[in-house]
Protein chains: 2
Amino acid sequence: MTLSALADPTRRAILARLAGGEASVSELAEPFDMSLVAVSKHLKVLEKAGLISKGREAQWRPCRLEPKPLRQVDDWLESYRQFWNDNLDRLEDYAALLQKGEMDEPSK
Amino acid sequence: MTLSALADPTRRAILARLAGGEASVSELAEPFDMSLVAVSKHLKVLEKAGLISKGREAQWRPCRLEPKPLRQVDDWLESYRQFWNDNLDRLEDYAALLQKGEMDEPSK
DNA sequence: AAGTTAATTAACTTACTGGTTAAGTACAGA
DNA sequence: TCTGTACTTAACCAGTAAGTTAATTAACTT
């Protein structure tokens, strides 16, 4: 569910905004060219995914970023980090090989 | 686009499988309770997102994992890593505080 | 009590997603 | 050349997602 919540660019922008600190629903809605209702729905999706939480302060619902689900994404990526480091290493090896001298370069 | 490709559990399972090495379309389809056509579509989504690439070997299309988009997700997470480390640090500080002695514990 | 501001709920439209079956393409082997 | 295997394309369907406007709830302001 986390990943599908993150799939929408509006929602990612909201998270980016919240990384800078709490904000109310209308503050969050302000930069977007869509109705407040639409943003409110996006916030509901984020909330269900646990990516944000909402407080109550008079008529405002201050939203704040919740780190857990993002950390889980990070954990999920861990299994692949090994994989792409392997690929990167191969590139670095190759780069190092090239630097040993131009005569080692292929197709020349 | 990467995130929406990753939002589907079938597609994530396919990537997990491919992290172990190349596989053909029907090999990839085998564990799933859905038609080969459906899996083929999932592969197309993954391919469009750059998460996999397909080769041609006789009548087979060996698929392999491509690291770039995943690395981009990792980069995107970077901005939030700081954020959740802050939260974690606060917890660790608190845990350290507790370990200094039980009389420091609250509500006791 | 009346009006304003903040936000949600309801009802609806449009478009996309994830699956299906049926038909088509391309290659390999007898 | 015919048959089987691997896969894709096309057409379709049901469910979900993202947006809209209108109505509703709730709290502060005067």
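Worth saying up front: this structure is predicted, and the values here are computed from it rather than measured.
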Pairing partner of C/dA1 (Watson-Crick or G-U wobble, both distances under 3.5 Å): D/dT30
Donor-acceptor under 3.5 Å (A/Ser79 side chain, A/Trp76 main chain): yes
A/Glu57 CD - D/dC28 C1' separation (whole Å): 13 Å
Sugar-phosphate, base or nothing in reach of A/Arg56, heavy atoms under 4.0 Å: nothing
Protein-nucleotide distance (A/Met34, atom CE; C/dT13, atom C1'), rounded to Å: 17 Å
A/Thr10 side-chain proximity, nearest of D/dA27, D/dG19, C/dG18: D/dG19
Any side-chain heavy-atom pair of A/Tyr80 and B/Asp74 under 4.5 Å: no
Within-4.5 Å side-chain heavy-atom neighbours: A/Leu18 and A/Arg64: no
Distance below 4.0 Å between A/His42 side-chain N/O and D/dA17 OP1 or OP2: no
Within-4.5 Å side-chain heavy-atom neighbours: B/Leu6 and A/Leu6: no
Where protein sits on nucleotides 1-13 of chain D, one letter per nucleotide: B base, S sugar-phosphate only, - none, heavy atoms under 4.0 Å: -----SBBBBB--
Nucleotide C/dA6, atom P - distance to CG of A/Leu28 in whole Å: 13 Å
Interatomic distance, A/Asp33 CG vs D/dA18 P [rounded to whole Å]: 17 Å
Identified side chain to side chain contact (heavy atoms under 4.5 Å, CB included) counterpart of B/Cys63 within the set B/Lys54, B/Arg17, B/Glu22, B/Glu27: B/Lys54
Backbone N/O of A/Ala5 and side chain of A/Arg11: donor-acceptor pair under 3.5 Å: yes
